[in-house]
Number of protein chains: 2
Amino acid sequence: MATAETESDDHLGDWADRHLSRRRDHAACLPLDDEVEAITVRLERVLRHLRQSVRHALDEVGLQNCAYETLHLLMIRDTPGRATPSALAADLGVSGAGMTGRLDALERAGWVRRTPATGDRRRVDVVITEAGEQIWRRATVLRGRAESRMFDSLRAEDRACLAALLRQLTLRIELPDGPAAD
Amino acid sequence: MATAETESDDHLGDWADRHLSRRRDHAACLPLDDEVEAITVRLERVLRHLRQSVRHALDEVGLQNCAYETLHLLMIRDTPGRATPSALAADLGVSGAGMTGRLDALERAGWVRRTPATGDRRRVDVVITEAGEQIWRRATVLRGRAESRMFDSLRAEDRACLAALLRQLTLRIELPDGPAAD
DNA sequence: GACCAATAATTAGCTGGCGAACTAGCTTCC
DNA sequence: GGAAGCTAGTTCGCCAGCTAATTATTGGTC
C-alpha cells in the first residue's frame, strides 16, 4: 500500500508539505481539510510539470501542445482523422471560438483541411492530412516517452492504484449530477 | 484497495475508457502505455473540473481564480501577507510580467499595496490589505467546500492513498535531476 | 572610484483563449 | 410554404500570460 512510505522518501517533504505546515502555523483558524488541500496542490504541480515535459518533448517535432492535443483528439475517435469543429471543441474543452483559432493554425501549417460536410451545409469536416498524420505519429511517440518518464518512479501496483482512484473521480465528475452542484 | 472496484462503478466506463478503447481500435500500432495515458487523461479532466468548481465557488465573492491564488500564496508563507513579486511569481509558476499584471489588478481592487522595500531600492514588497485578508478568508472557506465536494466520493483510505501517491510524484519532480531531463 | 555583470521590477508586443454577436442553413409548426 | 427558432461555424473585442527589451539599483573588480 502506497501510504506506508509517506514519510520515508524525503526528510523535508515536498513543496505541498511545506505549504501545509505554513498554513497550520499561520492560518490554522480556517476550515480547510489538509488532505484535500494537499491533493489539489499536488495535482496542480504534477500536471504543471507533466505539461512542461510534454511541451519540451513536442518542441523536438516543432509542434505546440495545443496543436498536438487537437491532432490527437482528431485521430483518437470513432472516425479517425475526421471530425466536426464542435465535436472537437467539446472533447478538448475549448470554446467554439478557440477551436476556430486552433483549426486556422493547423490548416495554415498544412496538417488538417476543412471541407464542407455532405448533407448539412452548415457543417464543416476537419480532415487530417498525410503530413498531419505523420507529425502526430512522431509526436505521440515522444509524448508517450515523456509521460512514462513522469510515472516510472511509481511501482506498477501504485500506478494501477492511481489510475483506479482517478477513474473513480472522473466517473463521478461525468455523472449528470456530479459534484459540480452547489 | 481501490483497484478492486475498477470495473464496478459504471457499465460504460468514463471518457478516458472510451478514449483508450478507440485508441486500441484505431491506433494500436503506436507505442503508448495505456495505463500512463489513462492517468494523464484523467488528471487533465479532474483538474479541469476542479478548477471549474473553484471558479464557480469564487464567483460568489467576486474573485477570479488567479486573483485568489495570488492572495492565497501571499498569505500562506513564512511572512504571511508580505512578499516580493518575484517570490510570489516563483511560487505561482507565472512569469515576472504575469505577476506584474496580477498585482496591478489586485492593487486596483484594493486587496494589496505595493511598498518600496527597505534596504534594497530595486525591491518592492507586496502587502495584503485588511480588505484583501477578509476576502481571502471568505474565499478560502468557499474554495475548501468546493474542493472537498470533489473528493468526498472517495473513502478516507482511498483519499489518503491518492494523497500519498501524488506526494511520491511531487517529491520526484522536485528533485534537482527529476524526470524533466530528456 | 569607475566600469561591468547580475538582479528586481516593469513595459512592449504578441499569442491564444473566452464570451458575445453575427451569418448561414436547417427544422418545425401553423 | 413561410416565419420563428435552433444549430454550426466564424468574427470581433477583450483579457491574461509569455518572451524580450528596458529601467533602476546593487555588488564586484581592477
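Just so we're on the same page: letters track the sequence lines, and every chain starts at 1.
- Taking atom CG on B:L92 and atom P on D:dC18, their separation rounds to 10 Å, with Å as the unit.
- Read 5' to 3', the first and last nucleotides of DNA chain C with an atom closer than 4.0 Å to a heavy atom of chain A are C:dG16 to C:dC26.
- Ionic pairing of B:R149 and B:D152 is not present here: no N-O contact between side-chain nitrogen and carboxylate oxygen is shorter than 4.0 angstrom.
- A:R55 places its CZ atom 14 Å from the P atom of D:dG17, with the value rounded to the nearest Å.
- Judged by distance alone, with hydrogens and angles left aside, the side-chain atoms of A:R121 form no donor-acceptor pair with the main-chain N or O of A:A117 at under 3.5 Å.
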For nucleotides 4-16 of chain D, just jot down a letter per nucleotide in 5' to 3' order: B, S or -, based on protein non-hydrogen atoms under 4.0 Å.
---BSSBB----S

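- Atom NE2 of B:H56 and atom CG of B:D59 lie 6.0 Å apart (nearest 0.5 Å).
- Ionic pairing of B:R18 and A:D91 is not present here: no N-O contact between side-chain nitrogen and carboxylate oxygen is shorter than 4.0 angstrom.
- One finds no salt bridge joining B:E133 and B:R138 here, because no Lys/Arg side-chain nitrogen approaches an Asp/Glu carboxylate oxygen to under 4.0 Å.
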Mind listing the side-chain donor-acceptor pairs of residues 80-88 of chain A below 3.5 Å, one per line with the distance, residues two or more places apart or on another chain?
from  : atom 1 : to     : atom 2 : distance (Å)
A:R82 : NH1    : A:D125 : OD2    : 2.8
A:T84 : OG1    : A:A87  : N      : 3.3

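- Taking a cutoff of 4.0 Å between a charged side-chain nitrogen and a carboxylate oxygen, B:E44 and B:R48 do not qualify as a salt bridge.
- Counting non-hydrogen atoms of other residues, nucleotides and ligands closer than 6.0 Å to CZ of B:R114 gives a total above 12.
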